[in-house]
Amino acid sequence: MSQRIAFLKGHGTENDFVIVPDPENVIDLPPAAVAALCDRRAGIGGDGLLHVVRSAAHPEARAMADRAEWFMDYRNADGSIAEMCGNGVRVFAHYLQRAGHATAGDLAVATRGGVKTVYIAGNGDITVGMGKVLLPEAEVTVSVGERSWPARNVNMGNPHAVAFVDDLAHAGNLFTPPPFSPASVYPDGVNIEFVVERSPRHVAMRVHERGSGETRSCGTGACAVAVATARRDGADPALTGVPATYTVDVPGGTLVITEHPDGEIEMTGPAVIVAEGEIDAEWLATALR
């Protein structure tokens, strides 16, 4: 890394990301570099990193290049790989529009969770087709201190455990992963959402994202929460033929989630770019020693 590296900083409902444009996939971003960049005191700071690469230039995305020009190579704040990030896709799409790689309207984005369909609206809101949910039958329990709750096992291309609680404060500080059992259900860890009712089809949540700790928002988590709440309410669009829409408040704002009768889930919310600049290569080299 002998040259300075361009970056941007953005967020979707305050789920914030370091954005590194690298169309030809020439920048080496080992886990330690990602963790240094996402460090909130010694680095730029973020819940994760969006590595912007052309699909044809990345070995994990070449098979999707005929369907999506751009690949969201997403990393958690600790440098670990993640399959998908719903808020990240919105910020990724907003960056592509800002950089002139996309225009308002439809856009396809390749992710490790598959190709996602995106719609960039004229008012700045971005809708992401999040794919279909899986509802594994495994029973799960999550705990915080002396309290334990049954959790709904939901997979949105990444794993979630959704627990309904009486008070969001019962989730504790969420600095460390809440214990869950049985451990075999999530061998690679899990995102855990704690949910309270606000009003009909309106809930609020807090989340511990694996690899990042508590975040201000989680797009796949909001989708998982909406589906789990719908099933708790007895609503299954596949059976009723009627879409189910839920408003999900997160600490950083509000997302609107719709599950359609064909099983497809859409998430709508804002995306913001707040800054851009250059990463000092000497600093990064020093941080990696």
Side-chain angles (χ1 to χ4, degrees), residues 9-19 38-41 44-50 74 76-78 82 84-92 94 124-128 130 142-145 147 149 151-152 154 156 158-178 180 189-229 245-258 265 267-275:
K9 178 73 182 285
H11 74 88
T13 49
E14 298 183 11
N15 193 187
D16 61 335
F17 308 96
V18 179
I19 305 162
C38 290
D39 188 296
R40 294 194 180 279
R41 293 186 180 274
I44 296 167
D47 293 322
L49 183 142
L50 306 176
Y74 180 67
N76 294 315
D78 64 356
M84 238 295 284
C85 175
N87 289 318
V89 173
R90 293 203 320 279
V91 175
F92 189 92
H94 182 50
D125 277 351
I126 297 176
T127 298
V128 179
M130 300 291 287
V142 300
S143 303
V144 176
R147 295 186 175 93
W149 304 268
R152 186 72 190 240
V154 182
M156 285 296 309
N158 57 357
H160 297 266
V162 180
F164 294 93
V165 299
D166 294 326
D167 189 327
L168 289 179
H170 292 168
N173 59 41
L174 293 182
F175 293 150
T176 58
F180 62 87
V190 63
N191 306 287
I192 299 179
E193 289 81 23
F194 297 87
V195 187
V196 297
E197 191 86 22
R198 289 287 188 239
S199 62
R201 300 216 170 184
H202 185 180
V203 296
M205 62 173 267
R206 290 176 61 198
V207 58
H208 176 93
E209 288 196 60
R210 58 176 182 171
S212 296
E214 181 171 18
T215 59
R216 299 283 292 171
S217 181
C218 175
T220 56
C223 294
V225 164
V227 171
T229 307
T245 298
Y246 281 79
T247 298
V248 181
D249 292 339
V250 295
T254 297
L255 296 167
V256 177
I257 313 298
T258 298
I265 296 174
M267 175 187 63
T268 300
V272 179
I273 301 293
V274 299

statement: From the list M267, M84, M130, H94, side-chain contact (heavy atoms from CB on, under 4.5 Å) partner of V89 resolves to M84
- prompt: Under 3.5 Å, side chain of R216 to main-chain N/O of P251, donor-acceptor pair present?
  reply: yes
task: Ignoring hydrogens and angles, tell me if any N or O in the side chain of R206 forms a donor-acceptor pair with the backbone of L168 under 3.5 Å.
output: yes
query: Does any non-hydrogen side-chain atom of H11 lie less than 4.5 Å from one of P270?
result: no
query: Side chains of D249 and H202: donor-acceptor distance under 3.5 Å anywhere?
result: yes
message: Please find the pair of heavy atoms, one from G46 and one from A77, that lie closest to each other, and give the distance.
response: O-CB, 3.6 Å
field: Stepwise side-chain contact (heavy atoms from CB on, under 4.5 Å) check, N191 with M156
entry: CA-CA 11 Å; N191 306 287; M156 285 296 309; over 6 Å; no
- request: Let me know which of N15, T13, T254 forms a side-chain hydrogen bond (donor to acceptor under 3.5 Å, both in side chains) with S217.
  value: T13
Heavy-atom pair of closest approach, residues I19 and G10: CD1-N, 4.1 Å
- request: Keeping the roles fixed (side chain from D167, backbone from A169), state whether a donor-acceptor pair exists under 3.5 Å.
  value: yes
query: Would you say the side chain of V225 lies within less than 4.5 Å of the side chain of Y246, judging by non-hydrogen atoms?
result: no
- request: Mind checking the CG-CG spacing from N76 to D47? Nearest 0.5 Å is all I need.
  value: 9.5 Å
- request: Spell out, as yes or no, whether a donor-acceptor pair under 3.5 Å connects the side chain of R152 to the backbone of T229.
  value: no
Approximate separation, where rounding is to 0.5 Å, of I273 CD1 and F17 CZ: 10.5 Å
message: Assess the residue pair E193 and V154 against the criterion (side-chain contact (heavy atoms from CB on, under 4.5 Å)); give the C-alpha distance rounded to whole Å, side-chain angles, the decisive distance to 0.1 Å, and a yes or no.
response: CA-CA 11 Å; E193 289 81 23; V154 182; over 6 Å; no
- request: Determine the interplanar angle of the W149 and F194 rings, folded into 0 to 90°, and report it as parallel if under 30°, tilted if 30 to 60°, perpendicular if over 60°.
  value: perpendicular
query: Of the non-hydrogen atoms in V248 and A226, which two are nearest, and what is the gap between them?
result: CG2-CB, 4.4 Å
message: If I compare all heavy atoms of P159 with all of G189, which pair ends up nearest, and what's the gap?
response: CG-O, 3.5 Å
task: Check whether any side-chain heavy atom of T215 lies under 4.5 Å from a side-chain heavy atom of N87, and answer yes or no.
output: no
- request: Can you measure from CD (E214) to CD1 (I192) and round to the nearest 0.5 angstrom?
  value: 12.0 Å
Donor-acceptor contact below 3.5 Å, side chain R147 vs main chain H170: no
Validation row: R90, L255 side chains within 4.5 angstrom (heavy atoms): yes
query: How many angstroms lie between atom CE of M205 and atom CZ of R198, to the nearest 0.5 angstrom?
result: 12.0 Å
task: Could you check if a side-chain atom of K9 sits within less than 4.5 angstrom of a side-chain atom of D16, using non-hydrogen atoms only?
output: yes
message: For the CD1 atom of I257 and the OG1 atom of T127, what is their distance to the nearest 0.5 Å?
response: 9.5 Å
query: L50 versus Y74: any side-chain heavy-atom pair under 4.5 Å?
result: yes
